Asks: 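What follows is a single structure, and I will ask about it in a moment.
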Amino acid sequence: MEKIVLIDGHSILNRAFYGVPDLTNSAGLHTNAVYGFLNILFKILEEESPDYLTVAFDVKAPTFRHEIYKEYKGTRKPMPEELRQQVPALKEVLTAMGIKMMEKAGLEADDILGTLAKKAEKEGMEVSLVSGDRDLLQIATDVIKIRIPKTKGGKTEIEDYYAADVKEKYQVTPTAFIELKALMGDTADNIPGVPKVGEKTATELMVQFGTLENLYTHVDEVGKKSVRESLINNKELAYLSKTLAEINVDSPLDFSFEEARVHDFYTEEAYVVFKKLEFKNLLSRFEKGISNDSIIAGFQMVSGLPEAEEVFGKALESGGEVGFAILKDSTIKNNSSKGGKTGGFAGIALGFDSGRCFFIQCTGLVTEEYLRGKMAEVSSCTKLCCGDIKGAYDYLMCDDTQRFFDVILAAYLLNPLKNDYTIADVANEHLGLMIPEQAQRFGKASLLEALSQKPEEFTQYACFLAYVALKAAPVLREKLDEAGMLTLMNEIEMPLTYVLYDMEKEGILVKPQELKAYGEALTGRISELEQKIYKEAGTEFNINSPKQLGEILFDKLALPGGKKTKTGYSTAADVLEKLAPDHIIVADVLEYRGLAKLKSTYAEGLSAYIGEDNRIHSTFNQTITATGRISSTDPNLQNIPMRMELGRQIRKVFIPKEGCIFTDADYSQIELRILAHMSGDGQLIDAYRMHADIHRITASQVFHIPFDEVTDLQRRNAKAVNFGIVYGISSFGLSQGLSITKKEAAEYIEKYFATYPGVKNFLDKSVKDAREKGYVTTLFGRRRPVPELSSSNFMQRSFGERVAMNSPIQGTAADVIKIAMIKVHQRLKKEKLASKLILQVHDELLIETKKEEADKVQLILEEEMSRAAQLSVRLEIDLHEGNDWYEAK
DNA sequence: AAACTCACG
DNA sequence: ACGTACGTGAGTTTC
């Protein structure tokens, strides 16, 4: 028997929209609903393998049936903008996939679907009708199956209804379902229904009387008086509702089943559209369809020394750029293999302009050392491009990044919002090429396992890395240039890769015994507090569990504070701090938490990263943050305690090596200074020229008080406002920060803006720019897209506004310190100093300084950091030195 | 894997 | 009316 699948377009799109978290492509187009729709579509197609397929749409609501009863229209909420823009996108996708669509002015999708379903039934087909709402249940029969997808926790399950299933679940036949609905009404569909009759009463009535006709014939038999009267008084309404609820299964439609016949959906056109929408999971469906055969034909594995020599010779002679990839497992430093070198090394891939690519396997005479030597030679005189160059420097020789180009880094600059960046992604987005991800090819196998198990697949993979790097480089350069970020790339990000590589390699020396002792010193107090808390609570429980803690505090002990999070009570510090003065147990919990954090995250956490050289080699990531900052992982050395004295003590275990001291330099209020510069606000610029405590000046100017009479409270408030401005001010946020009312906060903000009108102007302009262009930029051209601004959700939109205000400031600060790092690193090298830059903490640089170089290092830091950008205010530096990190801050 | 909490700038 | 300050990473519990 032939089979047709009919889909209710708007209804499924709507379901998908609310069931799939927000997604946007890099052009800022929302795509979650289309994505969800396609997932449902593919699932259905896989299950049903139909012969025919049609998607029906309403032309626009409200239509035909609703027009009859105008008074009730307009209860439907307007479609959110994020959803509206996805309707044409979906139609584009379906068109590209060659899927038949039906829509007709004056007809609702329901009518089209109903009509087609009945038509197909008559032709002797099986019918699957997919819709998000239950209206369609009325046309279920023994061959017409209604399918209702439900998204439960990310998984889509589909409920199926044949006529019998409707009867089972709703106790009425599909035909009676119409009248059931007429009685109870449906606000979403503008069906009035009979007052006083809800779902329960309606079901009872239909079970008892079977039809509306019969109900009114025997209306006096209705038991409940109020219901009986309502039925009698609203007879007309009931029949009108029936008209509204009934799907027209005999609509005038030109339809030929042949047009709806299913064929290959994975067309070129569809591929292009999927790529535009950035559905990379779905793109894998095209792999069979689109062939990379002609590219792969140029790939080759090389295992012998003479052949390797030949390939390297080719690289050295190549006039143009060469793509390469180092095939090694990513460094795993976090397990107990302390200071562990890298994982397995499989070899090196090289790609040439001709399209010829070679995977040179590390085997026999072709040793790792040989390859390293050859790559060093090649890198010292050839233009090279790759992905993740920081991870390749171990195999390159020269620290002059001029000849290098990192396509991953370029992809990050073009869209810094993504979670990860892979060569396969770059191929998809920038070359329109489909290549499988590593995991897809080899699963969880290590590289060496993959090589031995699937050598041909591996060769293909390795060569693709080099091929894509080479082919994508000019494309990315062009895109960066268009976006005004080529200089940022060449002058800041690329040179920085080598600085970060050096910092990682250098690491920072720690005192392992001291760190251990610090942790052990905490243990006593922790168990003391643990026992005390159990006693105060009257029971033992897991203090680390917010769930259990919340129940103890707010249920068992009935402390005031109520709910806050989705899952239960909030036990966050700011909530507990309000209770602490009145309840010893809360104060104890807070102290316990503080100590437990220090012990687990820092004392024990850091210990696991100490290498055989007694140094910790963190990883500095350059493609993580949305604003341009770098991040530090494994371990994170950018969040070592500082604010509280006890935590700060941990810094005493970070020490310079023998013969060295630490020199630490940090920018003084770099973000506020950048704000002063970017806004050009005269008053704020002058404030900085006064060369005094900026928060006190702000207080003095905003509150119109002589500088010397500013109280500590006023200074504190002004400081909070300054912070707030940088974060993208909102009265609510400020009120939280200062524990004052929203109204008071709003007054502060108003006064601040009255004092510094240039700042207000600048922030407004940032938001306006972001709305118009879809992104904001830093002083050095770095972009951050702000797709949230086009959201119809108040919260998301407000977030977008704050992002638009904050990112240029935070991002410019990130640019500035990156420049400083490059310059400092260069100077140290140029002046042949042995001192090393080892850490960056956003506005701070730490140098392990040879004692005899201390003065020079201070001078270099001072000069290069303050010179990193020429602003209309000075960039001031605070310099410290010490015999450990604690002393040097 | 997600939620919560908390460390830093 | 809505319910948040901006940017990160890691440890723990819980599903």
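Chain letters run A, B, ... following the sequence lines, proteins first, then strands; residues in each count from 1. Remember, it's a predicted structure, so these values are computed and weren't measured experimentally.
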Asks: Over 60° means perpendicular and under 30° means parallel, so classify the ring planes of A:H695 and A:F723, tilted if in between.
Replies: parallel
Asks: Does C:dC2 have OP1 or OP2 under 4.0 Å away from a side-chain N or O of A:S798?
Replies: no
Asks: Between C:dA5, B:dC8, C:dT14, spot the one nearest the side chain of A:Q548, thanks.
Replies: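 My answer, after comparing the listed nucleotides, is C:dT14.
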Asks: I want to check one thing: is the phosphate of B:dT5, taken as OP1 and OP2, less than 4.0 Å away from some side-chain N or O of A:T571?
Replies: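 True: A:T571 side-chain N/O within range (under 4.0 Å) of B:dT5 OP1/OP2.
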Asks: Output the single nucleotide from B:dT5, B:dG9, C:dT8 whose closest atom is nearest the side chain of A:P546.
Replies: B:dT5
Asks: Quick one: do A:D588 and A:K532 make a salt bridge, cutoff under 4.0 Å?
Replies: yes
Asks: Between C:dT4 and A:F799, is there a base-stacking contact, meaning the centre of the base's six-membered ring lies under 5.5 Å from the residue's ring centre while the planes stay under 30° apart?
Replies: no
Asks: How long is the gap from CD on A:E864 to CG on A:L845, to the nearest 0.5 Å?
Replies: 11.0 Å
Asks: Counting only side-chain heavy atoms from C-beta out, which of B:dG9, C:dC15, C:dT4 sits nearest to A:D843?
Replies: B:dG9
Asks: Using a cut-off of strictly less than 4.0 Å, decide whether A:R802 has a side-chain nitrogen or oxygen near OP1 or OP2 of C:dA5.
Replies: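 Result: no.
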Asks: Determine which nucleotide pairs with C:dA1, using a 3.5 Å limit on both distances of a Watson-Crick or G-U wobble pair.
Replies: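 WC or wobble partner does not exist here.
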Asks: Taking only the P atom of each, what is the distance from C:dG3 to B:dC8 in whole angstrom?
Replies: 30 Å
Asks: Of the options C:dG9, B:dC8, C:dG7, whose atoms approach the side-chain atoms of A:T633 most closely?
Replies: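 Nucleotide nearest to A:T633's side chain: C:dG9.
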Asks: What is the separation between atom CG on A:N636 and atom C1' on C:dG11, rounded to the nearest whole Å?
Replies: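 From A:N636 CG to C:dG11 C1': 12 Å.
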Asks: Among B:dG9, C:dG3, C:dA10, find the nucleotide with the atom closest to the side chain of A:F794.
Replies: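 Closest of the options to the side chain of A:F794: C:dG3.
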Asks: What is the distance, to the nearest angstrom, from the CG atom on A:L590 to the P atom on B:dC6?
Replies: 7 Å
Asks: Regarding A:K652 and A:E514, does a basic nitrogen lie under 4.0 Å from an acidic carboxylate oxygen?
Replies: no
Asks: Taking the C1' atom of each, how far is C:dC2 from B:dA7, in whole Å?
Replies: 31 Å
Asks: Rounded to whole angstrom units, what separation is found between the CZ atom of A:F732 and the C1' atom of C:dC6?
Replies: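 The answer, rounded to whole Å, is 16 Å.
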Asks: When you get a sec, tell me which of C:dG9, B:dC4, B:dG9 is the closest nucleotide to the side chain of A:Q810?
Replies: B:dG9
Asks: Is the closest basic N to carboxylate O distance between A:E881 and A:K889 below 4.0 Å?
Replies: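 Looking at A:E881 and A:K889, the cut-off is not met.
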Asks: Does a side-chain N or O from A:N542 land closer than 4.0 Å to OP1 or OP2 of C:dT13, or not?
Replies: yes
Asks: Which residue lies toward the 5' end of DNA chain C, A:K742 or A:V803, if each is placed at its nearest nucleotide?
Replies: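 Of the two residues, A:K742 wins.
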Asks: So, are A:D815 and A:R782 salt-bridged, with charged N and O less than 4.0 Å apart?
Replies: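 Salt bridge flag = yes for A:R782 with A:D815.
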Asks: Looking only at the side chain of A:S600 (C-beta and beyond, no hydrogens), which of the listed nucleotides B:dC8, C:dG11, C:dG7 gets closest?
Replies: C:dG11
Asks: For nucleotides B:dA3 and C:dT4, find the distance between their P atoms and express it as a whole number of Å.
Replies: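 The same atom, P, in both gives a distance of 15 Å.
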Asks: For A:R643 and B:dG9, is the shortest distance between a side-chain N/O and OP1 or OP2 below 4.0 Å?
Replies: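 It does, given that an N or O in the side chain of A:R643 lies less than 4.0 Å from OP1 or OP2 of B:dG9.
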Asks: Between B:dG9, C:dG7, C:dT8, which one does the side chain of A:S631 approach most closely?
Replies: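 The answer is C:dT8, which lies nearest to the side chain.
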Asks: If you check the A:T625 side chain, which of B:dG9, B:dA3, C:dT8 turns out closest?
Replies: C:dT8
Asks: Within the pair A:S730 and C:dT4, is there a side-chain N or O less than 4.0 Å away from OP1 or OP2?
Replies: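 For C:dT4, OP1/OP2 do not have a side-chain N/O of A:S730 under 4.0 Å.
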Asks: Can you figure out which of B:dC6, C:dT12, C:dT14 approaches the side chain of A:S545 most closely?
Replies: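 Selected nucleotide: C:dT14.
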Asks: In whole angstrom, what separates A:L598's CG from B:dC6's C1'?
Replies: 10 Å
Asks: I want to check one thing: is the phosphate of B:dC6, taken as OP1 and OP2, less than 4.0 Å away from some side-chain N or O of A:R593?
Replies: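 True: A:R593 side-chain N/O within range (under 4.0 Å) of B:dC6 OP1/OP2.
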